[in-house]
Amino acid sequence: MTGFLDLHRPGDPLLCPNPWDAGSARILAALGYQALATTSSGAAATLGRLDGSATRDEALAAARAIVTATGLPVTADLEDGYGPTDADVAETVRRAIDAGLAGCSVEDWKGDTVYDLDTATARVAAAVEAAGDDIVLTARADNAFHGVEDFADTLARMQAFDRAGAHVLYAPGLERLEDIRALVAGVSKPVNVLMRPGGPTVAELAGAGVARITVGGSFAFAALGALVEAAEELREHGTTGYSRLSAIGLRAAREAFAEPEDNAPEG
């Protein structure tokens, strides 16, 4: 656990992008990233489903594939721990350790609303106990991510999860730099921030004392967006302007997957 946690340096944040499968993980590793994070929405998309629909077994299988693909530490998005009880959350964390993960996160969103503070804190405490010294436990407060504009509640949750022993704290809905600064100042543990369109830059987040930056499902959906644009160009115009991106992707794959330069795909 210590090695991964040591990469969390307030003011010099760990850039921890989110691959969605083994291939994207290997490409990100080849690009020089030090650690990776899974994405529940991106992993669900590989199954042709929306976020929140993957089972615990499916999420852990996807995480294990990413762990196996690279030698980098990987932290997994394990939603609310896949069950309503403290025992469910603890079992999920133990299985994350068995999957070889360096970290995992547990959120306080149960699919339609957030758990009340006492229940959410007890779940974090159970996850911390199960984590022991084997895995970095990130506790998430998801109220702002689901449209609840109440920073005082977010901060109170983060502080409670801090006291419960979480190793890293994460409130993915925060976008205002002043709120992020206040969160960093209000807790004793490293803070992860989700990059958001139009939100603070990496440099601004570093200045605010953030220790880890992730991108959620945005890289996965950027890839799907490129697929849509290419398919629409082919259908509507019969042209291959998308070949610029194809060349970038092929070059990256050859470098990351160690394909010989003359081994171009035929199909």
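Note that these values count all heavy atoms, side chains included, but never hydrogens, waters or copies made by symmetry.
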Taking [X] for the side chain and [Y] for the main chain, is one N or O donor matched with an acceptor at less than 3.5 Å?
X: S24; Y: P19; value: no
X: T68; Y: A65; value: no
X: E233; Y: G241; value: yes
X: T240; Y: Y242; value: no

Mind listing the closest non-hydrogen atom pair of [X] and [Y] along with its distance?
X: Y115; Y: P84; value: OH-CA, 3.9 Å
X: A59; Y: Y82; value: CB-OH, 3.2 Å
X: A220; Y: G42; value: CB-CA, 3.9 Å
X: I180; Y: V193; value: CG2-CG2, 3.9 Å
X: L183; Y: A171; value: CD2-CB, 4.3 Å
X: L205; Y: P200; value: CD2-CB, 3.8 Å

Taking the basic N atoms (NZ, or NE/NH1/NH2) and the acidic carboxylate oxygens, is any pair closer than 4.0 Å for [X] and [Y]?
X: D80; Y: R140; value: no
X: D88; Y: R56; value: no
X: E204; Y: R181; value: no
X: D86; Y: R123; value: no
X: R49; Y: E58; value: yes
X: D153; Y: R157; value: yes

Hey, what do you get for [atom1] ([X]) to [atom2] ([Y]), rounding to the nearest 0.5 Å?
X: M158; Y: F151; atom1: CE; atom2: CZ; result: 10.5 Å
X: R26; Y: F257; atom1: CZ; atom2: CZ; result: 6.0 Å
X: L137; Y: L5; atom1: CG; atom2: CG; result: 11.0 Å
X: D98; Y: D134; atom1: CG; atom2: CG; result: 9.5 Å

Would [X] and [Y] count as having a side-chain donor-acceptor pair, cut-off 3.5 Å?
X: T121; Y: D118; value: no
X: N192; Y: T138; value: no
X: S188; Y: R163; value: no
X: D77; Y: T38; value: no

Indicate, with yes or no, if [Y] and [X] share a hydrophobic cluster defined by side-chain heavy-atom contacts under 4.5 Å among Ile, Leu, Val, Met, Phe, Trp and Tyr.
X: L169; Y: L15; value: yes
X: L174; Y: V187; value: yes
X: V114; Y: L117; value: no
X: I248; Y: L224; value: no
X: L78; Y: V128; value: yes

Q: List the steps, then state whether side chain to side chain donor-acceptor pair (under 3.5 Å) holds for T154 with N143.
A: CA-CA 7 Å; T154 299; N143 50 359; 2.9 Å; yes
Q) Can you name the one residue among L36, I66, T39 that meets side chain to side chain contact (heavy atoms under 4.5 Å, CB included) with N18? A) T39
Are any of the side-chain heavy atoms of [X] and [Y] separated by less than 4.5 Å?
X: I135; Y: C104; answer: yes
X: L14; Y: I213; answer: no
X: L101; Y: T75; answer: no
X: R212; Y: C16; answer: yes
X: F145; Y: W109; answer: no
X: E79; Y: V106; answer: no
X: L28; Y: F219; answer: yes
X: E91; Y: V89; answer: no

Over 12 non-hydrogen atoms of neighbours within 6.0 angstrom of [atom1] in [X]:
X: R235; atom1: CZ; value: yes
X: Y33; atom1: OH; value: no
X: E129; atom1: CD; value: no

Q | Check against side-chain contact (heavy atoms from CB on, under 4.5 Å), Y170 and D142 | A | CA-CA 8 Å; Y170 180 23; D142 275 48; over 6 Å; no
**Q.** F4 vs V74, side-chain contact (heavy atoms from CB on, under 4.5 Å): CA-CA, chis, key distance, verdict
**A.** CA-CA 9 Å; F4 179 46; V74 177; over 6 Å; no
(Q) Quick one, V168 with K189, criterion side-chain contact (heavy atoms from CB on, under 4.5 Å). Give me CA distance, side-chain angles, the key distance, then yes/no. (A) CA-CA 6 Å; V168 178; K189 306 293 175 52; over 6 Å; no
**Q.** Steps toward side-chain contact (heavy atoms from CB on, under 4.5 Å) verdict (S41, W20)
**A.** CA-CA 9 Å; S41 61; W20 54 98; over 6 Å; no
Q.
Go through it in stages, so that I can follow the logic: the residues are D57 and R95, the test is salt bridge (Lys or Arg N to Asp or Glu O under 4.0 Å), and I'd like the CA-CA distance, side-chain angles, deciding distance and then a yes or no.
A. CA-CA 9 Å; D57 286 345; R95 291 182 61 180; 2.4 Å; yes
Q) Can you list the steps and then say if R176 with E149 is a salt bridge (Lys or Arg N to Asp or Glu O under 4.0 Å)? A) CA-CA 11 Å; R176 292 187 295 269; E149 292 288 336; 3.7 Å; yes
